[in-house]
Amino acid sequence: MIKKKICMIGAFAVGKTSLVQQHVHSIFSEKYHTTVGVKIDKKTMVVAGRQVDLIIWDLHGEDDFQTVQMSYLRGSSGFIYVVDGTRRSTLDIAMKLKGRADQAVGPLPAIVALNKCDLESRWEMATDDIHRLAQEKIPVIQTSAKTGLSVEPVFQALAELVLEVP
């Protein structure tokens, strides 16, 4: 069995835990619970005909009071940077975290989950912001942890990228 550590990284309250819960347990809760430190889940997937255990590390969000500990990233195979489409500032935080992660553990396969697309009428994200990510060759998938839209494809796409890396 192949095992790969995946880290969910992003600002405070972007939906990291909700995406994990939707992916692993097919549930969504309106109740918000702050992640303290890290919460670890596992999901077995089939990728290119092979079984893969994704060990998903849901890291606490970064904000003015708390920074993501780069030591949590050791041993990672890939990252999902979660951005809240209703808060433009979360994209800047995610890109800052990407720079720090690249320095700490080297560049690894990554995807941006542009979350909360069910609230698109309240989005602060501009088309130019999404194009900027594409220019940096970071795949972007619009998701909704609430409705489940594109949650599985985010994890599937990252698992495929991770398995390409020796």
Is there a side-chain contact between [X] and [Y] in this structure, where contact means two heavy atoms from C-beta onward sitting under 4.5 Å apart?
| X | Y | result |
| --- | --- | --- |
| Val83 | Val140 | no |
| Thr143 | Gln22 | no |
| Val14 | Asn115 | no |
| Asp128 | Arg132 | no |
| Phe79 | Leu73 | yes |
| Arg100 | Thr67 | yes |
| Ser76 | Val105 | no |
| Leu149 | Asp118 | no |

Could you go through Leu114 and Trp123, starting from their C-alpha distance and side-chain angles, then the distance that decides it, and tell me whether this counts as side chain to side chain contact (heavy atoms under 4.5 Å, CB included)? CA-CA 11 Å; Leu114 190 51; Trp123 271 27; 3.6 Å; yes
Check for a donor-acceptor pair, side chain of Glu62 on one end and backbone N or O of Val68 on the other, with a separation under 3.5 Å.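 Between the backbone of Val68 and the side chain of Glu62 there is a qualifying donor-acceptor contact (under 3.5 Å).
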Flag, side chain of Lys5 to backbone of Arg74, donor-acceptor distance under 3.5 Å: yes
Within this structure, what is the [atom1]-[atom2] distance for the pair [X] and [Y], rounded to the nearest 0.5 Å?
| X | Y | atom1 | atom2 | result |
| --- | --- | --- | --- | --- |
| Glu120 | Thr86 | CD | OG1 | 11.5 Å |
| Phe155 | Ile56 | CZ | CD1 | 4.5 Å |
| Ser144 | Leu19 | OG | CG | 8.5 Å |

Which heavy atom in [X] sits nearest to a heavy atom in [Y], and how many Å separate them?
| X | Y | answer |
| --- | --- | --- |
| Lys4 | Ile2 | CE-CG2, 3.8 Å |
| Ile111 | Ala157 | CD1-CB, 3.4 Å |
| Ser77 | Leu108 | O-CB, 4.1 Å |
| Ala145 | Val151 | CA-CG2, 4.2 Å |
| Tyr81 | Ala101 | OH-CB, 3.5 Å |
| Ala13 | Arg87 | O-NH1, 3.1 Å |

Tell me, with the steps shown, if Lys16 and Leu59 meet side chain to side chain contact (heavy atoms under 4.5 Å, CB included). CA-CA 8 Å; Lys16 297 179 297 297; Leu59 306 181; 5.5 Å; no
May I ask you to say whether Lys98 pairs ionically with Asp102, meaning some side-chain N is under 4.0 Å from a carboxylate O? yes
Taking only Lys NZ, Arg NE, NH1 and NH2, and the carboxylate oxygens of Asp or Glu, determine whether Asp41 and Lys43 approach each other closer than 4.0 Å. no
Taking it one step at a time, do Phe12 and Thr34 satisfy side chain to side chain contact (heavy atoms under 4.5 Å, CB included)? CA-CA 8 Å; Phe12 172 79; Thr34 301; 4.0 Å; yes
Between Gln21 and Lys39, does a side chain to side chain contact (heavy atoms under 4.5 Å, CB included) hold up when you go through it step by step? CA-CA 11 Å; Gln21 291 303 302; Lys39 183 177 180 307; 3.6 Å; yes
Look at the rings of His60 and Tyr72 and say which category their plane angle falls in: under 30° parallel, 30 to 60° tilted, over 60° perpendicular.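 If you compare the ring of His60 with that of Tyr72, the planes turn out perpendicular.
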Short side-chain donor-acceptor distance under 3.5 Å, Asp58 and Thr17: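 Yes.
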